[in-house]
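Below: one structure, written as structure tokens.
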Amino acid sequence: MTKQKRNAILFIVFYIVLFYSWIVIYDDDAWVRAVGASLLPVIAALISIYWLMRTFKFLSNKHRVFLWLLNTGLFLHLLSNLIWFVYIVITGEPDHPIVSFYIWISAYALFLTSLIYKLKLLYKTVSMSPFIFNIVIFMIAAITLSTHYLINPIIEISMEHQSEAFFNILYPIIDIAIAFVIINIYYMTRLEREKRTFFFLSFGFFIQIVTDTLYAFLLINNQYEFGSLIDPLWALAILVIGYSGFYVERKEEVETWEFTSQPKQGNNGLILNLSVIYLAILAMASTEWHLNVLIIGLILSIVAIVTRQIVMTKNHRLLLHDLWYHAYHDKLTGLHNRTSYLKDMDELINYSKEKKKNYAIMLLDFDRFKNINDTLGHGIGDQLLQECSIILKASISEEDRVYRVGGDEFIIITLDASEENCERIANTILNNFSKSIPVNNYQITITPSIGISLYPYNGQSSELLLRNADMSMYLAKSEGRNQYKFYSSELSSRIARKMRIENELGDAISLGQLSLYYQPKVDLQTREIVGIEALLRWKHPDLGYVSPDEFIPIAEETGLIVSIGDWVLTEACKQIKDWHQKGYDHLCMCVNVSVRQFQHKAFIQNIEKILHQTGVNPTDIELEITESIMQNLTDSTRILHELRRLGIKTSIDDFGTGYSSLSVLKTLPIDAIKVDRTFIQELSDKDIAMVKTIMNIGFNLDLEVVIEGIEDEEHINTLLNISDERILGQGYYFSKPLPPEKLESILQN
Ligand code: C2E
Ligand code: MG
Ligand code: MG
């Protein structure tokens, strides 16, 4: 106990002793006793107001309203006593004027109002109607009782003072309401920080109610006098109420936002039921316990109804909890779910707008999680998600919250939107996922990619914030995964374009936006066209022509490349068939194939099907594959052999830029290499030496050699000087890639 509290207690003790001494000492002088009884409470109220006001600066606005109401009540209490005191001094009579009664009763009304206000704060979002319903039932019971035992006798006593009778009845009624509200407040705050404050507050009101009751009894029995032994108790009640102020936390109450949690529920069921039972017992007592079958039946049914009510209430509470839990939690991980996220976001945005606060959302998605489901099964995938949730929860502080919003998608909301804090959280998460996670008998390594967006800088609505976090996460993924990215507007247009391409590419085929352009492959010596390369074009309605260098990697990432590749091969086959029929039957069609397509399990099957459907001879087709197929040599070699078995030719595209290992080259069943155009761009001595070497390797391995990127006559001459072998070339010098009809006119010439 601090010194201040000790002093306050000492003061209260001293005050009460003084009060009683006064009453005892002036026992035989009613007027002096009345002077004390009216003046001393003024001091008590003053002190109490002072104690409470000291907490003012530590309180949030809402609690200040509560304090204002309470203090105004205390002030009215003070005022009524003061008027009474003045009246006594002036009239010399120990009586009190009716105005002080008026003011007194208003003080009670204010106490009640302040308490109801506090209760409303505690109920927050919960509807007050069940509570109001309960208060009505309770009041009916209580008023019935007090009418019978207190009010009727008081009315009889006060017959001479009609006006006072009304107030004497009002006291117990307001007291009953105060008792009810205070019990609820006490119940609801018992687990909160403010529990001790409200303990003393409740205790103060409790003393007041008891004193009022004693007063009523004394009044009924005609024993009450001003300055009686119960008078100090009223003052004590006021002091204890003020004393509660010492338990208000002495640090500034920062109004922070709280994530939604299960709504609090008051427990007024118990006293409600008790009051009904009590009423029943008193009803029996009023018949002087002449029990007949009817009364026993009535009692038994009341007991049964009450029991049922208690059981039902309990069940309801459990059910409500269940409902609430399932509505806002994810079944698999127990984390908060998407609904909960949306709700919190809505509330948080309103709160942040009003209070000008910042916060951040971090969108997290696990890299290649699908692979785990595909290879280890969904059971393991689910278990892994549970483990991941535990790790995520452990990576954030208590004030922040993590939600599972989709399969392997999580969102963290942090109320500290500083860059350092977000970085700290993101780094903790990345670090915690750097170790492998044991699931069943597997050790699984999984990495997250995180996109961060900040309110209000990166968006003022929850949708925009999420979209921007999503974009940043997307960037984190496309730039190598296992990292975090903050949203920034410069990145956004880049990412937006990429996302758009990713989203809209899927429909490009059905919308007829894809087409093939064709570029001739020429024998450098004879200048004869010996083949055609099909090159994919995408004409987007808004973005215009999108380069394959831009959309092919995206198609590979999303897996769309498989269906697109099939479409390309089909179109190219139809085209070559058409040209063969028109007499250009020596032409071979070169079609680009990406690794993902090449390694797809149905690759060979699809090709066979397309060749069959279009009726094209396999030997008229050459597939261009990049060097990256060598990363998985065994499978690639097998597939190349199958292609060769079908009669389809193959070439290594962009040769010299990738992973080619020369020793491997000799074992691969391929037909050609296409030397990347970077080798002849500048044509320095070194470049020439390189091209010469590469060409020689090709010739020595009996491969056809194609040089890409031939843009002028000089290129051709240089190449022809290097070797006498048959060199093929491709480039803008002969023709840019053209739509079929244009290429056809070149063929005609
Ligand atoms: P690639 O297969 O190496 O195709 C050659 C690229 O070089 C083409 O670019 C072509 O327009 C360009 N080119 C040809 N001659 C010259 C020249 O003299 N100078 C310069 N500077 N460039 C020249 P494009 O059509 O933009 O295609 C880019 C890449 O996209 C292709 O490189 C290929 O890897 C890929 N691609 C194109 N179509 C398809 C397709 O249908 N499937 C797959 N998987 N990839 C494709
Ligand atoms: Mg190519
Ligand atoms: Mg190439």
Side-chain angles (χ1 to χ4, degrees), residues 501 505 508-509 513-522 524 529 531-540 544-576 588-600 603 606-607 610 621-629 649-658 670-683 704-716 718-719 728-740 742-743 746:
I501 290 176
L505 187 58
I509 299 181
Q513 294 168 353
L514 295 185
S515 62
L516 290 182
Y517 273 35
Y518 298 93
Q519 190 181 35
K521 190 163 80 177
V522 178
L524 293 190
I529 299 179
I532 308 279
E533 177 174 4
L535 290 159
L536 185 56
R537 294 291 175 266
W538 179 20
K539 190 173 182 194
H540 188 278
Y545 276 106
V546 184
S547 156
D549 282 328
E550 188 176 2
F551 73 82
I552 295 285
I554 297 177
E556 285 180 334
E557 261 172 48
T558 55
L560 275 172
I561 192 67
V562 177
S563 55
I564 291 179
D566 286 349
W567 181 86
V568 169
L569 186 62
T570 313
E571 291 304 302
C573 283
K574 284 184 194 158
Q575 189 60 60
I576 197 65
C588 165
M589 180 62 85
C590 305
V591 178
N592 293 286
V593 171
S594 86
V595 200
R596 174 125 189 215
Q597 200 185 341
F598 182 78
Q599 286 168 348
H600 192 262
F603 178 60
N606 286 350
I607 292 181
I610 293 168
I621 298 293
E622 179 173 319
L623 298 183
E624 300 188 2
I625 301 137
T626 57
E627 291 165 286
S628 46
I629 58 152
K649 290 198 284 286
T650 50
S651 61
I652 301 284
D653 203 352
D654 306 337
F655 189 82
T657 55
I670 51 167
D671 304 283
I673 52 173
K674 294 186 82 174
V675 183
D676 194 72
R677 67 165 183 272
T678 47
F679 289 100
I680 62 158
Q681 242 161 19
E682 286 164 22
L683 275 192
E704 202 170 68
V705 174
V706 188
I707 310 290
E708 296 185 309
I710 294 183
E711 293 187 347
D712 49 46
E713 193 68 41
E714 194 200 340
H715 283 151
I716 303 175
T718 319
L719 289 169
L728 303 180
Q730 223 180 309
Y732 291 170
Y733 179 72
F734 303 114
S735 164
K736 288 200 164 183
L738 297 171
K742 292 216 174 124
L743 194 99
I746 293 185

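For this chain, numbers begin at 1 and follow the sequence in order. Bear in mind the structure is a predicted one, so any value in this text is a computation, not a measurement. Each ligand, and each atom within it, is numbered from 1 in the order the structure gives.
Not a single heavy atom of Gln730 sits less than 4.0 Å from an atom of ligand 1. Residue contact annotation: Gly709 has a non-hydrogen atom under 4.0 Å from ligand 1. Residue contact check for ligand 1: Glu556 places no non-hydrogen atom closer than 4.0 Å to it. The shortest heavy-atom distance from Arg537 to ligand 1 is under 4.0 Å.
Ligand 1 places these atoms under 4.0 Å from at least one heavy atom of Leu535: 4 (O), 8 (C), 10 (C), 25 (O), 37 (C), 38 (N). Residue Asp654 has at least one heavy-atom neighbour below 4.0 Å for each of these atoms of ligand 1: 3 (O). Listed by atom number, the atoms of ligand 1 under 4.0 Å from Ile710 heavy atoms are 18 (O). Atoms of ligand 1 found under 4.0 Å from any heavy atom of Pro737, numbered from 1 in the order shown, are 11 (O). Listed by atom number, the atoms of ligand 1 under 4.0 Å from Glu711 heavy atoms are 17 (C), 18 (O), 19 (N), 20 (C), 21 (N). The contact set between ligand 1 and Asp549, taken as ligand atoms under 4.0 Å from a residue heavy atom, comprises 28 (C), 29 (C), 30 (O). Residue Val568 has at least one heavy-atom neighbour below 4.0 Å for each of these atoms of ligand 1: 41 (O). Per-residue contacts place Ile552 under 4.0 angstrom from the following atoms of ligand 1 (heavy atoms of the residue considered): 43 (C), 45 (N), 46 (C).
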Worked verdict on Lys521 versus Glu622 for salt bridge (charged side-chain N to carboxylate O under 4.0 Å, His left out): CA-CA 12 Å; Lys521 190 163 80 177; Glu622 179 173 319; 3.4 Å; yes
Worked check of side chain to side chain contact (heavy atoms under 4.5 Å, CB included) between Leu683 and His715: CA-CA 8 Å; Leu683 275 192; His715 283 151; 3.5 Å; yes
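Glu708 lies apart from the Mg ion (ligand 2) in this respect, since none of its N, O or S atoms is found at a distance under 2.8 Å.
Within the 4.5 Å cutoff, side-chain heavy atoms of Leu536 are placed close to those of Trp567. Two residues are said to be in side-chain contact when any heavy atoms from C-beta on lie closer than 4.5 Å; Val546 and Leu505 fail this criterion.
By heavy-atom distance, the residue among Ser547, Ala534, Pro548 lying nearest atom 35 (C) of ligand 1 is Pro548.
Minimum heavy-atom separation, Ala572 to Tyr518: CA-OH, 4.1 Å. Contact record, Ala534 with Leu516: CB-CD1, 4.2 Å, taken as the closest heavy-atom pair. Closest of all the heavy-atom pairs between Glu708 and Asp654 is OE1-OD1, 3.2 Å.
At the Mg ion (ligand 2), the angle from OE1 in Glu624 to OD2 in Asp653 is 80° when rounded to 10°.
Atom CD of Glu713 is surrounded by more than 12 heavy atoms from other residues, nucleotides or ligands within 6.0 Å.
Side-chain N or O atoms of Arg596 include one that pairs as donor or acceptor with a backbone N or O of Glu557 at under 3.5 Å.
Separation of atoms CE (Met589) and CD (Glu571) is listed at 10.0 Å; rounding is to 0.5 Å. With rounding to the nearest 0.5 angstrom, the CD1 atom of Ile707 is 13.5 Å from the CZ atom of Arg677.
Classification of Glu533 and Lys674 as a salt-bridged pair holds, one side-chain N sitting under 4.0 Å from a carboxylate O.
Only the side chain of Arg677 comes within contact range of ligand 1, with a heavy atom under 4.0 Å; no backbone atom does. Contacts with ligand 1 closer than 4.0 Å are made by no heavy atom of Lys736, backbone or side chain.
For Glu533, the N/O/S atom at the shortest distance from the Mg ion (ligand 2) is named OE2.
Considering backbone and side-chain atoms alike, Gly731 places every N or O at 3.5 Å or more from each N or O of ligand 1. Below 3.5 Å of separation, one finds an N or O of Asp653 facing an N or O of ligand 1.
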